[in-house]
Amino acid sequence: MKNLLEELNPMQREAATHFEGPQLILAGAGSGKTRVLTNRIAWLIGEKHVDPWNILAITFTNKAAGEMRERIDRLVGYGSDSIWVATFHSTCGRILRRFAEGIGYGTNFTIYDGDDQKTVMKDVCKRLNIETRIYKERMFLNAISSAKDELIWPEEYMKTAHGDPEMIRIGQVYTEYQRTLKKSNAMDFDDMIGLTVRLLKECPDVLEYYRGRFAFIMVDEYQDTNTAQFELIRLLAGRNGNLCVVGDDDQSIYRFRGANIRNILNFEKVFPGAAVVRLEQNYRSTPAILDTANAVIRNNRGRKKKTLWTANPEGPKTIYTALDSAYEEAEYVVRDIAQAAGRGEAAYGDCAILYRTNAQSRLLEEKLLLAGIPYRIVGGINFYARKEIKDLLCYLKAIDNPEDEVAMHRIINIPKRGIGAASILKAETYAAVNEISFYEALTKSSQIPGMGRTAAKMDAFVTFFETLRSKARVLDVRALLDEILEKTGYIKELEAEGTPEAKDRIENIDELVSKVAAYLEHTPEASLGGFLQEVSLVADIDTLEDGNGQVLLMTLHSAKGLEFPRVYLTGLEEGLFPSYQSIMDENSEEALEEERRLCYVGITRAMKTLILTSARSRMVNGSHRYNAPSRFLEEIPEELLDVRDSGYGSYRSRGSRDSQRRDGHTALPWEERSSEGKAGNWSDSRSSFDRGKTGRKVLREKPYLSKGKDVQKADHLEYSEGDRVRHVRFGEGVVTKIADGGRDYEVTVEFEKAGVRKMFAAFAKLQKI
DNA sequence: TTAAGTTAAGTTTTT
DNA sequence: CTTAACTTAA
């Protein structure tokens, strides 16, 4: 144990050997905070004989949790697996899977991701007659999410509206949204935290149980906690709790997700007598990189003063190159990586390309592909967001929780069962009228008015689904998934399609199958619900393994907590980074400080070499946009930068930067916007929350429900089965079958040349001959 | 009822 | 330039 502490510097040691009572560790970038946390855990167990079972360590990402777990395992050995190391969401998930009934939810609840939320919201808006073309689902969801981050439930939200029509409308949507989720026995990400807090508040015995269990709590990335998360920790820790939080206010970059920077700034006030330790020695970067980082971050006003220093040897200056276009920027970065690799300066796996928005990855990817450099893009479209994966997961979700209406809706007609939107709507109405779940309505299809022959199809679906459910009781997840694939003919259908796209999909399904297998292997108490929870909570970044020699591409947000020998920080332009939104924000000052922290995070990812780039023009939504170099570049003193020529000859960078900005001043994109007629659209969509301005639009009745051009079913047809008919395109053929499809006749014709076709009488315009 | 084809609209960051 | 919503055709 002694040698463990010896590898720590005095401040780190002080932090690691703090025993009882609250502690705040202000850990600068690269100051070895994970090492301190893991060493403290080892010290608590080894020296203070704390039971590993009494320790809880919370992180934000699964990757961070995994890394911490690994390091703890190495340090602690015996009993390390009874230490609870998890993210906020999986911690809450575990608690709720056990005690959700205390707040009226089933323990088999489903977790709704962003797509599911949008689906629910679309439905809610339809029910409340809200025109989603003007008032976006996203806007409502953002408002609801912000409320949940602050632990404001619908009733309270309504109370705070004070007659404001806009807030009342959001409150109504919020109420209906929450009701819908509850009915589906489903929670969104925010609910997981919020409902856990509610559970702990409403069920004293549950709170007591966990307080007893978690005698020692540690929280990583504390600067990113929101009010709900803070409340959760506060409840678990108790008044004089042994709570140790680690964070860096300069790296707080999740304000948009409700992160409350006051949680870290006011920690000592909330927990009087808290020990405060600062870790200011950086072990990651060269002095040149730290100087650059400090030069940028010192422009922020609301921060705890600290100065990062390092004993590392001096490295190369920060390189900056301005390019003419985003295209050239991508080419430059890729060429530079190739050259660095050629010189033996950096392996591909040492390089990371960081950017502000996911959209920027496309050009870079293209160039890397062209150059034959191995790469991996982190983030963007999640694996689990793909259609085929969602389809299959919805089968699993529905089996686990048949009340999950989003999942049920999705699978009811996959594969095609001839149950269309009209029939689903009838079943939905029936369910609402009789106050039963959608699935229960399906089981009583014969009682649904106007269902016609679709009732039989629904019965068939219910039988099919029940078979799967009963199998789920005896099969493991892997076997169940195989069964679903087999019985739905999902893969067979894709095989029949034969397109390259279909092949991709089959590969994705194979990947899902192996993910299931992996889950079963590493989870002792595997279950369907457990698998679904794990799947809902993993982010792309979590699956990142190092050492496979790939250049990594990711957003600055994804890069937090990681480090790379060679970092490319791209797209340093006004309007992109800092983002257009932050410049236009009503709290512009605050928003820009967050962007600056993001920039700081990006810079401090670099260990040896940092390369900054900007492009003068960039394609945005199909049109060229001209941007001045980022203000963050301005903030770096000239002498810290090694300004390089683009190698394209035309355009010099830094010397002309100031003049260019002055010249280009009138052409700055955001100013252009506000002086053009187009500006109206922007400000309209931006000010959706503005009181009264567009409020009436929300309340407006739907302009039309139906265009009244329903296809009229003919009283009789001029032909009957066995007749020869002529079709405009298919030529001549024989009618083999005429079925009454309720609204229209479905006619089957065997054509001489075009084969057998099914068509509707009103459209086919067949002529008897 | 469903699929294909056309048009309009939107863009930050994520558990 | 992509994606979602709408139209139209079978």
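- A:Leu532 has its CG atom 17 Å from the C1' atom of B:dT15, to the nearest Å.
- Counting only heavy atoms from C-beta outward, the side chains of A:Thr87 and A:Ile58 never approach each other to under 4.5 Å.
- Here the side chain of A:Met619 is nearest to one of B:dT15, C:dC1, B:dT13, namely C:dC1.
- For B:dT14, the OP1/OP2 oxygens have a side-chain nitrogen or oxygen of A:Thr555 closer than 4.0 Å.
- A sub-4.0 Å separation between OP1 or OP2 of B:dT13 and a side-chain N or O of A:Ser558 is absent.
- One interatomic measurement links the two molecules: NE2 of A:His557 to C1' of B:dT14, which rounds to 8 Å at whole-angstrom precision.
- Stacking between A:Phe256 and B:dT13 is shown: the ring centroid lies under 5.5 Å from the centre of the six-membered base ring, and the planes differ by under 30°.
- For the pair A:Glu594 and A:Arg597, the salt-bridge criterion is met [side-chain N within less than 4.0 Å of a carboxylate O].
- Nearest-nucleotide positions on DNA chain B place A:Asn413 closer to the 5' end than the other of A:Asn413 and A:Leu537.
- Looking at A:Arg625 and A:Ser617, their side chains never come closer than 4.5 Å, going by heavy atoms from C-beta outward.
- Candidate nucleotides C:dC1, B:dT14, B:dT15 were compared by shortest atom distance to the side chain of A:Arg362, and C:dC1 ranks first.
- Between the side chains of A:Thr613 and A:Glu329, at least one donor N or O lies within less than 3.5 Å of an accepting N or O.
- Not one side-chain nitrogen or oxygen of A:Lys122 sits closer than 4.0 Å to the OP1 or OP2 atom of C:dA4.
- Counting only heavy atoms from C-beta on, A:Phe189 has its side chain closest to B:dT15 among B:dT15, B:dT12, C:dC1.
- A salt bridge links A:Asp113 to A:Lys390: at least one charged side-chain nitrogen sits closer than 4.0 Å to a carboxylate oxygen.
- The interatomic distance linking A:Phe60 (CZ) with B:dT14 (P) rounds to 14 Å, in whole Å.
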Can you run through DNA chain B from 5' to 3' and write each base as (, ), [, ], | or . depending on how it pairs? Watson-Crick or G-U wobble, both distances under 3.5 Å.
-> ||||||||||.....
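- Between A:His89 and A:Phe60, the distance from one ring center to the other does not fall under 6.0 angstrom.
- Take A:Glu366 and apply the salt bridge (charged side-chain N to carboxylate O under 4.0 Å, His left out) test, not counting sequence neighbours, and it matches no residue.
- The distance from atom CG of A:Leu598 to atom P of B:dT14 is 10 Å, rounded to the nearest whole Å.
- Only the C1' atoms considered, C:dA4 is 22 Å distant from B:dT13, to the nearest whole Å.
- Distance, A:Lys457 NZ to B:dT2 P: 8 Å, rounded to whole Å.
- Here the C1' atom of nucleotide B:dT14 and the CD atom of A:Gln229 are 12 Å apart, to the nearest Å.
- Following rounding to the nearest Å, A:Asn358 (CG) and C:dT2 (C1') show an atom-to-atom distance of 14 Å.
- Atom NZ in A:Lys560 sits roughly 11 Å away from atom P in B:dT15 (whole-Å rounding).
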